[in-house]
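Below: one structure, written as C-alpha coordinates.
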Amino acid sequence: ERHKAIIYTGIPAEQLAVYPHAFTAELCAKRLPEFGDRRCQAFLRDAVAHVGLVDKKDYTVMASYQSGGWKGVMEKHKLDAGWEPDMKIKGEASTTSFGGHSWLWASMEEEIAASFGVHEMTAEHRQEVLDFLMKHAGIELDKSSA
(Lines give C-alpha, C1' and ligand atoms only; values in the text may rest on other atoms or scores of the structure.)
Protein backbone atom coordinates (compact mmCIF):
# COMPACT_ATOMS: atom_id res chain seq x y z
CA GLU A 1 0.00 0.00 0.00
CA ARG A 2 2.74 2.49 0.91
CA HIS A 3 4.58 1.68 -2.30
CA LYS A 4 1.47 2.48 -4.37
CA ALA A 5 0.88 5.69 -2.43
CA ILE A 6 4.44 6.84 -3.02
CA ILE A 7 4.25 6.12 -6.76
CA TYR A 8 0.89 7.91 -6.95
CA THR A 9 2.53 11.10 -5.67
CA GLY A 10 5.06 10.93 -8.50
CA ILE A 11 8.02 9.97 -6.35
CA PRO A 12 10.15 7.30 -8.04
CA ALA A 13 9.97 4.13 -5.96
CA GLU A 14 10.79 0.47 -6.27
CA GLN A 15 9.73 -2.27 -3.91
CA LEU A 16 12.19 -5.08 -3.18
CA ALA A 17 11.00 -8.20 -1.39
CA VAL A 18 12.98 -9.70 1.48
CA TYR A 19 11.90 -13.27 2.20
CA PRO A 20 12.44 -15.40 5.28
CA HIS A 21 15.22 -17.96 5.04
CA ALA A 22 16.63 -20.67 7.27
CA PHE A 23 18.81 -19.60 10.19
CA THR A 24 21.25 -22.47 10.38
CA ALA A 25 24.42 -23.01 12.40
CA GLU A 26 26.35 -22.78 9.12
CA LEU A 27 24.81 -19.40 8.28
CA CYS A 28 25.53 -18.17 11.82
CA ALA A 29 29.18 -19.25 11.61
CA LYS A 30 29.57 -17.73 8.14
CA ARG A 31 28.03 -14.39 9.09
CA LEU A 32 29.51 -14.23 12.61
CA PRO A 33 32.87 -16.05 12.46
CA GLU A 34 33.90 -14.40 15.75
CA PHE A 35 31.10 -16.30 17.48
CA GLY A 36 32.50 -19.61 16.24
CA ASP A 37 31.07 -22.79 14.78
CA ARG A 38 30.48 -24.63 18.07
CA ARG A 39 28.89 -21.63 19.75
CA CYS A 40 26.62 -21.15 16.72
CA GLN A 41 25.54 -24.80 16.94
CA ALA A 42 24.80 -24.50 20.66
CA PHE A 43 23.00 -21.19 20.14
CA LEU A 44 20.79 -22.70 17.44
CA ARG A 45 20.06 -25.80 19.55
CA ASP A 46 18.81 -23.55 22.34
CA ALA A 47 16.81 -21.39 19.92
CA VAL A 48 15.11 -24.53 18.56
CA ALA A 49 14.47 -25.81 22.11
CA HIS A 50 12.80 -22.51 23.03
CA VAL A 51 9.29 -23.01 21.69
CA GLY A 52 8.31 -20.52 19.01
CA LEU A 53 11.71 -19.15 17.97
CA VAL A 54 13.08 -21.52 15.30
CA ASP A 55 11.32 -24.43 13.62
CA LYS A 56 13.24 -27.64 14.28
CA LYS A 57 12.47 -29.11 10.84
CA ASP A 58 13.66 -26.39 8.48
CA TYR A 59 15.24 -23.81 10.84
CA THR A 60 12.79 -21.10 9.81
CA VAL A 61 12.83 -18.19 12.24
CA MET A 62 9.32 -18.00 13.68
CA ALA A 63 9.63 -14.90 15.89
CA SER A 64 11.24 -11.48 15.59
CA TYR A 65 14.20 -10.81 17.87
CA GLN A 66 11.98 -8.09 19.36
CA SER A 67 9.44 -10.66 20.60
CA GLY A 68 11.33 -11.22 23.85
CA GLY A 69 12.06 -14.92 23.55
CA TRP A 70 15.43 -14.34 21.93
CA LYS A 71 16.73 -12.28 24.85
CA GLY A 72 17.01 -15.33 27.11
CA VAL A 73 18.89 -17.34 24.48
CA MET A 74 21.23 -14.43 23.80
CA GLU A 75 21.88 -13.91 27.52
CA LYS A 76 22.48 -17.64 28.04
CA HIS A 77 25.14 -17.58 25.34
CA LYS A 78 26.72 -14.46 26.81
CA LEU A 79 26.77 -12.33 23.70
CA ASP A 80 27.58 -9.35 25.93
CA ALA A 81 30.29 -11.22 27.92
CA GLY A 82 33.52 -9.33 28.47
CA TRP A 83 31.98 -6.18 27.10
CA GLU A 84 31.60 -2.97 29.02
CA PRO A 85 29.43 -0.10 27.81
CA ASP A 86 31.67 2.75 26.75
CA MET A 87 31.24 6.40 27.44
CA LYS A 88 31.16 7.90 23.99
CA ILE A 89 33.51 10.82 23.57
CA LYS A 90 32.34 13.50 21.18
CA GLY A 91 33.57 12.74 17.69
CA GLU A 92 34.34 9.06 18.37
CA ALA A 93 32.33 6.04 17.31
CA SER A 94 30.66 4.06 20.07
CA THR A 95 31.33 0.34 20.52
CA THR A 96 27.73 -0.19 21.57
CA SER A 97 24.62 -0.77 19.52
CA PHE A 98 21.63 1.55 19.68
CA GLY A 99 20.13 -0.86 22.23
CA GLY A 100 23.19 -0.58 24.45
CA HIS A 101 24.48 -4.09 23.73
CA SER A 102 27.75 -5.39 22.31
CA TRP A 103 28.39 -5.46 18.57
CA LEU A 104 28.04 -9.27 18.68
CA TRP A 105 24.56 -9.02 20.24
CA ALA A 106 23.55 -6.40 17.66
CA SER A 107 24.96 -8.50 14.80
CA MET A 108 23.00 -11.53 15.98
CA GLU A 109 19.82 -9.41 16.10
CA GLU A 110 20.43 -8.31 12.51
CA GLU A 111 20.92 -11.90 11.31
CA ILE A 112 17.75 -13.02 13.10
CA ALA A 113 15.81 -10.10 11.57
CA ALA A 114 17.10 -10.87 8.06
CA SER A 115 16.26 -14.58 8.48
CA PHE A 116 12.79 -13.68 9.77
CA GLY A 117 12.29 -11.68 6.57
CA VAL A 118 11.34 -8.37 8.16
CA HIS A 119 14.48 -6.32 7.92
CA GLU A 120 14.72 -2.69 6.92
CA MET A 121 17.71 -3.32 4.74
CA THR A 122 19.89 -6.27 3.89
CA ALA A 123 22.76 -6.71 1.51
CA GLU A 124 20.50 -9.02 -0.48
CA HIS A 125 19.40 -6.27 -2.91
CA ARG A 126 22.37 -3.93 -2.66
CA GLN A 127 23.01 -3.72 -6.41
CA GLU A 128 19.37 -2.97 -7.21
CA VAL A 129 19.31 -0.25 -4.54
CA LEU A 130 22.54 1.33 -5.82
CA ASP A 131 21.31 1.20 -9.43
CA PHE A 132 18.00 2.82 -8.41
CA LEU A 133 19.76 5.61 -6.50
CA MET A 134 22.21 6.31 -9.31
CA LYS A 135 19.44 6.33 -11.92
CA HIS A 136 17.37 8.85 -9.99
CA ALA A 137 20.40 10.97 -9.14
CA GLY A 138 21.04 11.36 -12.86
CA ILE A 139 24.26 9.36 -12.81
CA GLU A 140 24.72 7.25 -15.91
CA LEU A 141 25.44 3.59 -15.33
CA ASP A 142 28.37 2.27 -17.33
CA LYS A 143 27.33 -1.37 -17.85
CA SER A 144 30.45 -2.15 -19.89
CA SER A 145 32.79 -1.83 -16.91
CA ALA A 146 30.57 -3.83 -14.55
Check for me, please, whether Val48 and Met74 land in the same ILVMFWY cluster - side-chain distances under 4.5 Å, paths through other members count.
yes

Measure the shortest side-chain to side-chain distance between Asp46 and Lys76 over non-hydrogen atoms and say whether it is less than 4.5 angstrom.
yes

Search all heavy atoms of Cys28 against all heavy atoms of Met108 and return the closest pair with its distance.
SG-CE, 4.0 Å

Gln41 and Ala25 have their tightest heavy-atom pair at CG-CB, 3.7 Å

When every non-hydrogen atom of Val61 is compared with those of Ser115, the smallest separation belongs to CG2-CB, 3.6 Å

Taking all atoms of both residues into account, what is the closest heavy-atom pair of Ala29 and Asp37, and its distance?
CB-OD1, 3.9 Å

Could you grab the distance from atom NZ of Lys30 to atom SG of Cys40, nearest 0.5 Å is fine?
13.0 Å

Ser67 side-chain N/O to Ala63 backbone N/O, donor-acceptor pair under 3.5 Å:
no

Ignoring hydrogens and angles, tell me if any N or O in the side chain of Ser64 forms a donor-acceptor pair with the backbone of Phe116 under 3.5 Å.
no

Value for CG (Leu104) from CZ (Phe35), rounded to nearest 0.5 Å, stands at 6.0 Å

Starting at NZ of Lys56, measure out to CG of Leu44 and round the result to the nearest 0.5 Å.
13.5 Å

Please test Lys71 against Tyr65 for side chain to side chain contact (heavy atoms under 4.5 Å, CB included), starting from the C-alpha separation and ending with a verdict.
CA-CA 8 Å; Lys71 183 179 180 186; Tyr65 73 88; over 6 Å; no

Could you tell me whether the side chain of Asp55 and the main chain of Thr60 form a donor-acceptor pair under 3.5 Å?
no

If we ignore hydrogens and angles and just use 3.5 Å, is the side chain of Arg31 paired with the main-chain N or O of Glu111 as donor and acceptor?
no

If you compare all heavy atoms of Ser102 against all heavy atoms of Leu79, which two are closest, and at what distance to 0.1 Å?
OG-O, 2.8 Å

Hey, any chance Trp105 and Leu27 share a hydrophobic cluster, counting ILVMFWY side chains that come within less than 4.5 Å of each other, even indirectly?
yes

Does CZ belonging to Phe43 count more than 12 external heavy atoms closer than 6.0 Å?
yes

Would you say the side chain of Val73 lies within less than 4.5 Å of the side chain of Leu53, judging by non-hydrogen atoms?
yes

